[in-house]
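See below for the structure under consideration.
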Amino acid sequence: MLELEANLQAVRRRIRAAELASGRPEGSVRLLAVSKTQPAGVLREAYGFGQREFGENYLQEAAEKQDSLADLDIVWHFIGPIQSNKTRPIAERFDWVHGIDRLKIAQRLSDQRPEEMAPLNVCIQVNLGGEATKSGVAPGGLADLAHAVAALPRLRLRGLMAIPAPTGDVREQRAVFRRMRELLAGLSMPELDTLSMGMSNDLEAAVAEGATLVRIGTAIFGRRPSART
Ligand SMILES: *Cc1c(COP(=O)(O)O)cnc(C)c1O
């Protein structure tokens, strides 16, 4: 068996085991393959092993892969930081955007989403402090932003996303993910169905706390060159 196929199967097994361990229905967690830095041919291989959803962080790199994989019915997720002068190609090329943390960006994406496409699925990125990045709205600003984004006509607000600082301590991992679950519940917006959280090293903790979509790179594709993490 190819390493990529074995890795994908191992990640699917980890997700299923975590679903079972927390009494959640099988299939309640979607696997997003984070394919930044991977060449298009590797995505095509993963597609051949049944993977449909791919996450990309860098627009230029993603656009090249999208063009060469246009024959495949891939669901494309943009998971990187969004610059306001890059919103148009993101609105035109992706099915999901995970890193919304400002109304201005959301407004631009809504304005620029082509009429003939379905509304763009978006998640609001929350920064609980101590994050690996400075992106994300603080919990105190979440409710206002969520209601404003939900009102935009060409977006469909699906839920929340987080990129916690890496820690090997499972209790710390769970505490952060639990906080995300509570923030989502606290919004009282029952149409929101997504918690985008959990990466290669903490997916079990994320699933235990209610993740509905885990974003996995290293465990599927191997370690990335260190210049781009
Ligand atoms: C790179 C990246 C991931 C994947 O991380 P791994 O630890 O390689 O699984 C997930 N989410 C975001 C936003 C990323 O940038």
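As the structure lists them, so they are numbered: ligands from 1, and atoms in each ligand from 1. Positions are given from 1 along the sequence.
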Cut-off 3.5 Å, side chains only: do S135 and Q125 have a donor facing an acceptor?
-> no
Contacting atoms of ligand 1, where contact means under 4.0 angstrom from a heavy atom of I163 | 13 (C)
Those atoms of ligand 1 less than 4.0 Å from some heavy atom in R215 = 4 (C), 9 (O), 10 (C), 11 (N), 12 (C), 13 (C)
For ligand 1, which atoms, with element, lie under 4.0 Å from some heavy atom of I216?
-> 9 (O)
Can you tell which part of R224 has a heavy atom less than 4.0 Å from ligand 1: side chain, backbone, both or neither?
-> side chain
Decide, yes or no, whether a salt bridge links D193 with R158 under the criterion of side-chain N to carboxylate O below 4.0 Å.
-> yes
Would you call E182-R178 a salt bridge at under 4.0 Å N-O?
-> no
Element-labelled atoms of ligand 1 that are located less than 4.0 Å from some non-hydrogen atom of T218 | 6 (P), 7 (O), 8 (O), 9 (O)
Which ligand 1 atoms does I79 reach within 4.0 Å, using its non-hydrogen atoms?
-> 11 (N), 12 (C), 13 (C), 14 (C)
Short N or O distance, M161 and ligand 1, threshold 3.5 Å exclusive = no
For N57, take its heavy atoms, then give the atoms of ligand 1 lying under 4.0 Å from any of them.
-> 14 (C), 15 (O)
Ion pair D95/R156, N-O distance below 4.0 Å | no
May I ask you to decide if P114's main-chain N or O and R154's side chain share a donor-acceptor pair within less than 3.5 Å?
-> yes
Strictly by modelled atom types, are S196 and R215 linked by a side-chain donor-acceptor pair under 3.5 Å?
-> yes
